[in-house]
Amino acid sequence: MTIQSIIEQKLEQVFTPEFLEVVNESYMHNVPEGSESHFKVTVVSKDFEGKMLIGRHRLVNKALEEELKSIHALAIHTLTPEQYFEKAGKVADSPECLGGSKSS
Amino acid sequence: MDVMDRIKSAVEENPVIIFMKGSPKLPQCGFSSRAAQALMSCGEEFAYVDIIQDGEIFQNLPRFADWPTFPQIYVDGELIGGCDITLEMFESGELATAIVAARTKAGLPTGESDKS
């Protein structure tokens, strides 16, 4: 099973999201082809209602605790269904690689 | 000094501090770069720690505030989050407000920073 599908499965289980997108962004970085090192997740869930961003991100980090031990980067976008509607589904793009990953 | 004490004093002694890969002027990670840019755009001074230069902090920072990734941004002694949260707060204007409040609380001037 790929890390990507594990991440999808776990987020699906924990947040029963209205919308979930997990993108493998490893190709944007200096890693071998087919790597699973950099991910971006967008989770739209009622669970985030009334929670500050840091609390939401902590929930995601907690859900993916195991995966975070092996992957290098995780961009997190957490929205309530209402916010997702307001933003018309748009979240920020992840940054370009600047090469600092080798130090970890 | 113990590494956890070093992190604690860095966070407590600076109203705004980012632990990042590289420096704000020479960032070595896209996420660190963006977060530092957002802080710079707020126009106030802030402190930084290059975790690539300090392996001990690199190893131990994740357990300091139970936050697994870098960069980490602290305002008024509290972790506000990483790159994504910092950018969202910057866009909504909350980041600048929080920074000014933290500097004021620390008795530091605001709105005087040289932006060059």
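Letters A, B, ... mirror the listed sequences (proteins, then strands); counts begin at 1.
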F90(B) with F70(B), same ILVMFWY side-chain cluster at under 4.5 Å: yes
Once you round to the nearest 0.5 Å, how far does [atom1] of [X] lie from [atom2] of [Y]?
X      : Y      : atom1 : atom2 : result
E88(B) : I76(A) : CD    : CD1   : 11.0 Å
L79(B) : I54(A) : CG    : CD1   : 4.0 Å
D84(B) : R56(A) : CG    : CZ    : 13.0 Å
H57(A) : I85(B) : NE2   : CD1   : 4.0 Å

Enclosure of [X] [atom1] (heavy-atom neighbours >12, cutoff 6.0 Å):
X      : atom1 : result
E82(A) : CD    : no
Q83(A) : CD    : yes
M52(A) : CE    : no
F85(A) : CZ    : no

Exercise: identify the closest heavy-atom pair between D93(A) and R34(B): O-NH1, 2.5 Å
Minimum heavy-atom distance between S33(B) and L98(A), given as atom pair plus value: CB-CD1, 3.6 Å
E67(A): partners by side chain to side chain contact (heavy atoms under 4.5 Å, CB included), with sequence neighbours left out: I3(A), I6(A), I7(A), K10(A), L64(A)
Beyond-backbone contact of R58(A) with D66(B), side-chain heavy atoms, under 4.5 angstrom: yes
For chain B, the option from L53(A), V91(A), L68(A), L74(A) that forms the most heavy-atom pairs under 4.5 Å: L53(A)
